[in-house]
Every structure is written in structure tokens, then in C-alpha cells.
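Okay, structure first, notes after.
Values reported hereafter were calculated over all heavy atoms of this structure, with side chains retained and with hydrogens, waters and symmetry mates removed. Just so you know, these numbers come straight off a predicted model, no measurement behind them. Residue numbers run from 1 in the order of the sequence given.
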Amino acid sequence: MQIEEIRRLIMAGVPDSEVEVDGDGTHFTAIIVSDVFAGKNMVQQHQVVYKALGDKMGTDIHALSIQTYTPEEWKKKSLFRVIPTS
């Protein structure tokens, strides 16, 4: 499965999300930032992502490491990347 296809599926299934995916074609990592995670525990957040991926999990995607954040959490973790403009 292609990284861009995973990214597209997550973005389609997780409203207003920012998604970054990396991987080797079988094992993947994903960082997903969305307000939809607010008020949900980690298991519930991951269930949202698994639902977005549907039957691809366990078939086309052998392993997926998921990191989920609300926009506020993302900023607090200092993971927010700002590209300076000149």
C-alpha cells in the first residue's frame, strides 16, 4: 500500500485533519492532528483512525503506529513546524 493512499484514507475519515504518514510499504507510522480527538481517550482516538482505514488494516497494512493529537496538544508538544517566510 502506498503512503499517499493511507494519508488520503485517513484525511477522508477524520474530519479537518492534518496527516503525516511514513513507512516501508508494509509497516507505517502516522501522525494525525484533528479536533475530532478532543474528549476521547487514546483507544477511542485510534478507533477513529482504524475506522477510516477500514479493511486495509490487517490486509494491506500489516502494522501502523499511530500518534493522535488535538491541535492544542500538537502545539504543546512543540511538534508544530513553522516555516519562516522572508
Side-chain angles (χ1 to χ4, degrees):
M1 175 150 239
Q2 299 296 316
I3 288 171
E4 191 53 39
E5 177 66 8
I6 294 171
R7 184 175 180 276
R8 186 192 67 73
L9 287 169
I10 294 171
M11 289 181 73
V14 182
D16 300 320
S17 60
E18 295 289 331
V19 180
E20 188 175 310
V21 179
D22 194 14
D24 63 10
T26 306
H27 300 86
F28 300 93
T29 60
I31 298 172
I32 305 104
V33 180
S34 176
D35 282 326
V36 79
F37 300 133
K40 292 180 171 55
N41 65 39
M42 187 182 302
V43 170
Q44 292 168 325
Q45 292 174 6
H46 289 202
Q47 288 172 336
V48 169
V49 177
Y50 291 137
K51 183 177 179 182
L53 294 169
D55 63 356
K56 302 293 184 191
M57 281 303 304
T59 56
D60 297 330
I61 303 169
H62 178 68
L64 177 64
S65 172
I66 300 170
Q67 297 177 40
T68 52
Y69 301 95
T70 64
E72 294 77 24
E73 291 169 334
W74 180 248
K75 289 175 186 175
K76 286 180 186 175
K77 293 280 187 187
S78 298
L79 295 174
F80 185 76
R81 294 176 234 179
V82 177
I83 300 172
T85 57
S86 23

Report task. Of all the heavy-atom pairs spanning A52 and I10, show the shortest one and how long it is. Result -> CB-CA, 4.1 Å

Query raised in the report: Quick one: CD1 on I3 to OG1 on T29, what's the gap to the nearest 0.5 Å?
Result: 8.0 Å

Query raised in the report: Taking all atoms of both residues into account, what is the closest heavy-atom pair of V48 and V14, and its distance?
Result: CG1-CG2, 3.8 Å

**Report entry** Nearest-0.5 Å distance, CE of residue M42 to CD of residue Q67
**Finding:** 9.5 Å

Report summary line: Shortest non-hydrogen pair, S17 vs M11, comes out as OG-CA, 3.5 Å

Requested in this report: For residues T68 and E73, report the shortest heavy-atom separation together with the two atoms involved.
Outcome: O-OE1, 4.3 Å

Query - N41 CG: over 12 foreign heavy atoms closer than 6.0 Å - result: yes

Query - K51 NZ to L9 CG distance, which is reported to the nearest 0.5 Å - result: 14.0 Å

Query raised in the report: Are side-chain heavy atoms of V49 and F37 found at a separation under 4.5 Å?
Result: yes

Report task. Locate the shortest heavy-atom distance separating I32 from V19; write the atom from each residue and the value. Result -> CG2-CG2, 4.2 Å

Query raised in the report: If you take all heavy atoms of V36 and K40, which pair is closest and at what distance?
Result: O-NZ, 3.2 Å

Query raised in the report: Could you state the interatomic distance from CZ (R7) to CD (E20), rounded to the nearest 0.5 Å?
Result: 9.0 Å

Query - Atom pair CE (M57) and CD1 (I66), whose distance is rounded to the nearest 0.5 Å - result: 6.5 Å

Report task. Determine whether more than 12 heavy atoms belonging to other residues, nucleotides or ligands lie under 6.0 Å from atom CD of Q2. Result -> no

Query raised in the report: When rounded to the nearest 0.5 angstrom, what is the spacing between NZ in K76 and CD in E72?
Result: 7.5 Å

